[in-house]
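Inspection log for the structure reproduced underneath, given as structure tokens.
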Amino acid sequence: MTNLVAAAVPPRALLRRTAPAVVSAVALAAMVAVCASLQPGVLTVPGLTLILSATVPLVVAAQAQMVLMSVGDIDLGIGNFVGLVTVVSATTLVSSPGVGALVLLGLVAGYAVLGALIHLRRVPSLIATLGASFVWLGLGLFLLPTPGGSTPAWLATFGSWQPAGFPAPVLPILVVSALVWLLSSRSSVGVRVRALGSNPVALHRAGLRPLAARVVAYAAAGVLGVLSGLVLASQTGGGDVSSATSYTLISVAAVILGGGSFAGGTAVPWGVAIGGVTLGLVSVVLSLLDVPSNMQSAVQGVIVLAVLAGRVVVGKVLR
């Protein structure tokens with residue numbers, strides 16, 4: 001009998017972990033259905049490519065936010081960081097590719113140093129990352145005061161890639177989500193990072209270094225932020241430090257919609273991908289419904305709250 005009970009627990013625990021992503025997936029399916037009813041061409045490969053393209057950099061940025069939320073931190077600078085990467089892509093990476101690559105590596109290193117400072121000086125992540133956001137904004141305005149520039153040819157080619165048979169945006173979403181899942185759930189590094197968010201005392205008693213885990217988490221978030229900026233630059237064809245400002249709060253919402261937690265210790269890459277795509281499609285649905293632009297933010301907030309309410313209800317049912 002004991003063995004039967006033990007065997008029954010994991011599936012229910014798995015249901016509790018995956019339920020938020022299922023709720024987001026239902027909301028995503030509903031949005032696609034609404035889009036298809038208003039514009040039947042949405043269900044074609046070109047149609048899906050069109051509506052999903054803008055969600056790719058958001059999903060990657062949300063994965064970066066998830067990594068930091070898994071250690072119990074929140075990044076209030078990810079939006080300006082992604083915008084800074086688009087600026088570097090449209091300026092330095094074009095004029096001096098080697099220098100541009102070094103700058104991008106330096107930005108990742110800057111994220112790692114930020115994580116170390118937060119851990120060693122015990123600075124709240126909200127304050128530290130908010131301060132860093134102004135640094136990213138200032139650097140972006142220094143390099144490119146007004147939106148413009150042009151991306152490298154190889155990046156523009158990636159942005160215009162149109163494979164036959166399936167929507168191009170699906171591939172980077174799946175690849176990035178799979179890599180983050182492998183690193184967070186199937187590697188010792190990912191276990192240590194999640195342990196830092198769930199039980200840092202146990203991590204320390206096990207002889208592992210919490211500092212190293214936080215630095216690795218911030219470095220991984222920096223890499224994902226750079227990827228998000230490169231994808232966004234490939235789509236816009238230029239640089240704009242303010243182009244991803246909205247990603248900061250939307251990425252947090254995507255993590256929560258996908259099953260993440262403010263308390264840390266949880267990494268749900270596939271759920272975050274679904275949450276990011278869901279939030280990215282909200283603006284598409286509102287545009288097709290001819291909702292006035294001055295009302296879209298309010299309606300978007302109502303939709304997010306509705307999905308969150310569905311997550312709460314499902315969570316209580318599965319307790």
Side-chain angles (χ1 to χ4, degrees), residues 45-46 48-65 75 77-111 132-133 135-164 166-177 179-180 219-248 250-251 273 276-277 280 283-284:
V45 171
L48 290 173
T49 299
L50 181 63
I51 66 172
L52 292 177
S53 293
T55 68
V56 179
L58 173 58
V59 168
V60 180
Q63 299 288 357
Q65 188 73 259
D75 186 3
I78 186 64
N80 285 341
F81 183 80
V82 172
L84 173 58
V85 173
T86 68
V87 169
V88 174
S89 302
T91 55
T92 311
L93 200 60
V94 177
S95 59
S96 303
V99 176
L102 290 176
V103 171
L104 295 179
L105 288 175
L107 292 178
V108 174
Y111 246 71
S133 71
V135 175
W136 312 138
L137 178 63
L139 290 174
L141 291 174
F142 175 77
L143 291 174
L144 194 64
T146 58
S150 60
T151 53
W154 59 270
L155 197 56
T157 300
F158 174 78
S160 60
W161 179 55
Q162 297 288 343
F166 69 94
V170 172
L171 184 59
I173 290 175
L174 292 178
V175 170
V176 172
S177 300
L179 289 176
V180 175
V223 171
L224 290 168
V226 168
L227 289 177
S228 176
L230 290 175
V231 173
L232 182 58
S234 73
Q235 295 177 351
T236 61
D240 181 4
V241 71
S242 301
S243 58
T245 303
S246 62
Y247 285 11
T248 299
I250 294 180
S251 63
V277 174
S283 59
V284 177

Flag if over 12 foreign heavy atoms under 6.0 Å of CZ, Phe166: yes
Of all heavy-atom pairs between Ala168 and Pro163, which one has the smallest distance, and what is that distance? CB-CD, 3.5 Å
Checking the side chain of Ser251 only, and the main-chain atoms of Tyr247 only, is there a donor and an acceptor separated by less than 3.5 Å? yes
Minimum heavy-atom distance Ala64-Gly225, with the two atoms named: CB-N, 4.3 Å
Could you check if a side-chain atom of Asp240 sits within less than 4.5 angstrom of a side-chain atom of Val87, using non-hydrogen atoms only? no
Gln63 side, atom CD; Ile173 side, atom CD1 - distance, nearest 0.5 Å: 10.0 Å
Could you check Val59 against Val176 for side-chain contact (heavy atoms from CB on, under 4.5 Å), going step by step and ending with a plain yes or no? CA-CA 9 Å; Val59 168; Val176 172; over 6 Å; no
Would the distance check show the side chain of Ser228 and the main-chain N or O of Leu224 forming a donor-acceptor pair, the cut-off being under 3.5 Å? no
Can you find a heavy atom in the side chain of Pro57 that is under 4.5 Å from one in the side chain of Val82? no
Would a 4.5 Å heavy-atom cut-off, applied to side chains only, mark Thr236 and Thr86 as touching? no
Partner of Ile51 under side-chain contact (heavy atoms from CB on, under 4.5 Å), chosen from Thr49, Leu48, Thr55: Leu48
Gln235 side chain near Val56 side chain, heavy-atom distance below 4.5 Å: yes
A side-chain contact here means heavy atoms from C-beta on lying under 4.5 Å apart; do Thr151 and Phe158 qualify? no
State the CG-CG distance between Leu179 and Leu174, to the nearest 0.5 angstrom. 11.0 Å
For Ser89 and Leu155, the nearest pair of non-hydrogen atoms, with its separation, is CB-CD2, 4.1 Å
Gap between atom CG of Leu227 and atom CG of Leu232 - 0.5 Å precision: 12.5 Å
Using atom types as modelled and distance alone, determine if a side-chain donor or acceptor of Ser96 lies under 3.5 Å from a backbone N or O of Thr92. no
Closest approach of Ala273 and Ser177, non-hydrogen atoms and distance? CB-OG, 3.3 Å
Pairs satisfying side chain to side chain donor-acceptor pair (under 3.5 Å), at least one member in residues 100-111, at least two apart: Asp75-Tyr111
Can you tell me how far the OG atom of Ser242 sits from the CG atom of Asn80, to the nearest 0.5 Å? 7.0 Å
Taken to the nearest 0.5 Å, the spacing of Leu139 CG from Phe81 CZ works out to 10.5 Å
Between the CG atom in Leu84 and the OG atom in Ser243, the distance rounded to the nearest 0.5 Å is 10.0 Å
Using side-chain heavy atoms (C-beta onward) and a distance below 4.5 Å, is Pro172 in contact with Val231? no
Side-chain contact, heavy-atom cut-off 4.5 Å: Leu144 with Val241? no
